[in-house]
Amino acid sequence: LELSVQRLMNMRRDVFGLGLSQFMLTAGFIFLVTTTVLGLSPVQATVLGTAFALSSSAFALQLLDENKERGTLHGRSAFGILLFQDLVVPLLLVLLPMLSVGSGTALLASIRTAFLRAILALFLVIVISRLFLKRIFSFVANSKDAVSLRALSFFTVLSMCYVFMIFGLSNTLGAFLAGVLIAETEFKSQVDVVISPIREDLLGLFFITVGFGIDLSLVFSRPALVLSSVSALLLSKTLVTFMVCRCSGMNFANSQQVGLLLSQAGEFSFVIFGIAKSVGVFTDAQAKLLLTVTSVSMASTPFLSKLGHDLNAFLRERSERSESEQPKSLGNPPSVNISQLAEKIKGAQVVVCGYGRVGRLISSLLNAKYIPWVAFDVSAEVVAEAQRQDLPVFLGSFPDVAYKCFGPGSSSSLDSRKLAVITPSHRPLTTNIAKKLRLTFPDLRIIARAMSYA
């Protein structure tokens, strides 16, 4: 339900930038370490790398929601990474069963057959959903019966699982795509609400099964092996994710929080290792160790998330304290060159003019909808405080900054695809900003705050 085309478009930088980099680098790093240090075969190392590169959406999103951090910068980044991993999972579930085929012509034929089955199953599911799904959901939703809508939602999931099983594909893939198709309808929010009570119960049951996945006899008989494996996994994923976030321009505090939050293995790792064991990639003992490592790493997530949250707060407090002890002239936000500002503006869908009370309210609403934005304010203190939180807020008046970035006669840079929101309460200032923007960028959509004098 979290995956929709519109959300992917709104978060494409986080999903296909951070997400792709994190997955490829983590999988590549684990592949290199396991082949060179542990002596695993390339096939085993590939399965291990791709499985451990995934993180747990169930744990991470639950913790973000509990802390009300889904709309923050580090929350958006973590969510974008998880969305990309969700896009990778269907491909892995299709390709993994072919590992038992071997290599050469037989492998190519198996891949071709699997993709044909996947395409046929997808075609059948999409046709059925286009013809019937929306109409049925509309009929049931209009009855305003939560029980019926909940039953229809689960019936849709189970039906698609059955369709994919008929074509010899993973029923997990069918359930996943059922959620995606429901997310593309206008009833997504209603479905989200009616399944919420059961979802909490099922999520609790899932956490219990994570505990079941821990082989206590293995933990007590070989504690050093389990502890070193879990520690290596958590450390490597934290470092790789941290470096990816830092390279994307995120500050140290938020980068380490994202790294610690996504350091565990994911729930799909259970499925991947189960398939790998069934096709003979791993022995029973190896699979048991991998499942135990996955469960222990997931069980450690709340503690690591709390560590990252507290460390972020400590670093932010120390930064504010050190800046308060410095002369005022050193408290200004760092300067950003024109080319960087132009890229920030081009990457945003909404430009907020003024980051006061109304500007912050608008930015929080945009964060909740995962809509990329950028803000400008003439107060150096306001901008410095926002930038300490890694928010895309910059110093200056937006009309002047836009004119410097794009120059006259470049109205195509800010056209009807972008929206400027003017938030100051001072009427002459608002009017002046609106006039400048309309004169320079005639196609730009503008929403201005109006004040009543009645």
Does [X] [atom1] have over 12 foreign heavy atoms under 6.0 Å away?
X      : atom1 : value
Phe252 : CZ    : no
Phe155 : CZ    : no
Tyr162 : OH    : no
Lys188 : NZ    : yes
Arg150 : CZ    : yes
Phe167 : CZ    : yes

Below 4.5 Å, heavy atoms only, C-beta onward: do [X] and [Y] meet side chain to side chain?
X      : Y      : answer
Ser297 : Leu234 : yes
Phe376 : Val351 : yes
Phe31  : Thr26  : no
Thr294 : Phe270 : yes
Asp192 : Arg199 : yes
Ser305 : Phe59  : no
Phe398 : Ile345 : yes
Val191 : Phe137 : yes

What heavy-atom pair brings [X] and [Y] nearest, and what distance separates the two atoms?
X      : Y      : result
Ala175 : Val157 : CB-CG1, 3.8 Å
Pro90  : Phe176 : CG-CE2, 3.7 Å
Leu40  : Ala45  : CB-N, 4.4 Å
Lys288 : Thr292 : O-OG1, 2.8 Å
Ile30  : Gly49  : CG2-CA, 3.7 Å
Gly347 : Pro372 : O-CB, 3.7 Å

Main chain of [Y], side chain of [X]: is a donor-acceptor contact present, judged purely on distance under 3.5 Å?
X      : Y      : result
Arg445 : Ser416 : yes
Thr50  : Thr46  : yes
Thr423 : Cys353 : yes
Ser248 : Cys245 : yes
Gln257 : His74  : no
Arg12  : Phe16  : no
Asn67  : Leu63  : yes
Ser269 : Ala51  : yes
Lys237 : Gln264 : yes
Gln256 : Ala253 : yes

From [X] [atom1] over to [Y] [atom2], what is the distance, rounded to the nearest 0.5 angstrom?
X      : Y      : atom1 : atom2 : answer
Leu152 : Ile195 : CG    : CD1   : 12.0 Å
Leu395 : Tyr355 : CG    : OH    : 14.5 Å
Leu261 : Leu64  : CG    : CG    : 5.0 Å
Thr241 : Arg246 : OG1   : CZ    : 14.5 Å
Asp201 : Ser196 : CG    : OG    : 9.5 Å
Leu307 : Ser300 : CG    : OG    : 11.0 Å

Test side-chain contact (heavy atoms from CB on, under 4.5 Å) on Asn367 and Leu73; report intermediate values, then the result.
CA-CA 8 Å; Asn367 279 333; Leu73 181 65; over 6 Å; no
Could you check, using the six-membered ring where one of them is a Trp, whether Phe52 and Phe273 have ring centers closer than 6.0 angstrom?
yes
Take Leu87 and Val15 through the test side-chain contact (heavy atoms from CB on, under 4.5 Å) and record every step on the way to the result.
CA-CA 10 Å; Leu87 294 175; Val15 175; 4.2 Å; yes
What pairs with Asp145 under salt bridge (charged side-chain N to carboxylate O under 4.0 Å, His left out), at least two apart in sequence or on another chain?
none
Using the side-chain contact (heavy atoms from CB on, under 4.5 Å) rule, take Leu120 and Leu124 through it: C-alpha gap first, then chi angles, then the decisive distance, then the call.
CA-CA 6 Å; Leu120 286 173; Leu124 181 61; over 6 Å; no
Kindly determine whether Met250 and Val258 satisfy side-chain contact (heavy atoms from CB on, under 4.5 Å), including the steps that lead there.
CA-CA 10 Å; Met250 196 181 298; Val258 176; 4.2 Å; yes
CA sep, side-chain torsions, deciding dist, call: Glu267, Ser56, side chain to side chain donor-acceptor pair (under 3.5 Å):
CA-CA 6 Å; Glu267 49 269 11; Ser56 175; 2.6 Å; yes
Taking NZ, NE, NH1 and NH2 as the nitrogens, is one of them in Lys306 or Asp310 under 4.0 Å from a carboxylate oxygen of the other?
yes
List in chain and number order the residues that pass side-chain contact (heavy atoms from CB on, under 4.5 Å) with Lys134, two or more places apart in sequence or in another chain; answer none if no residue qualifies.
Glu186, Phe187
With side chain to side chain contact (heavy atoms under 4.5 Å, CB included) as the test, pick out the partner of Trp373 among Val393, Ile362, Leu419.
Val393
Among pairs that include at least one residue of residues 73-85, which meet salt bridge (Lys or Arg N to Asp or Glu O under 4.0 Å), considering only residues two or more places apart or in two chains?
Asp14-Arg76
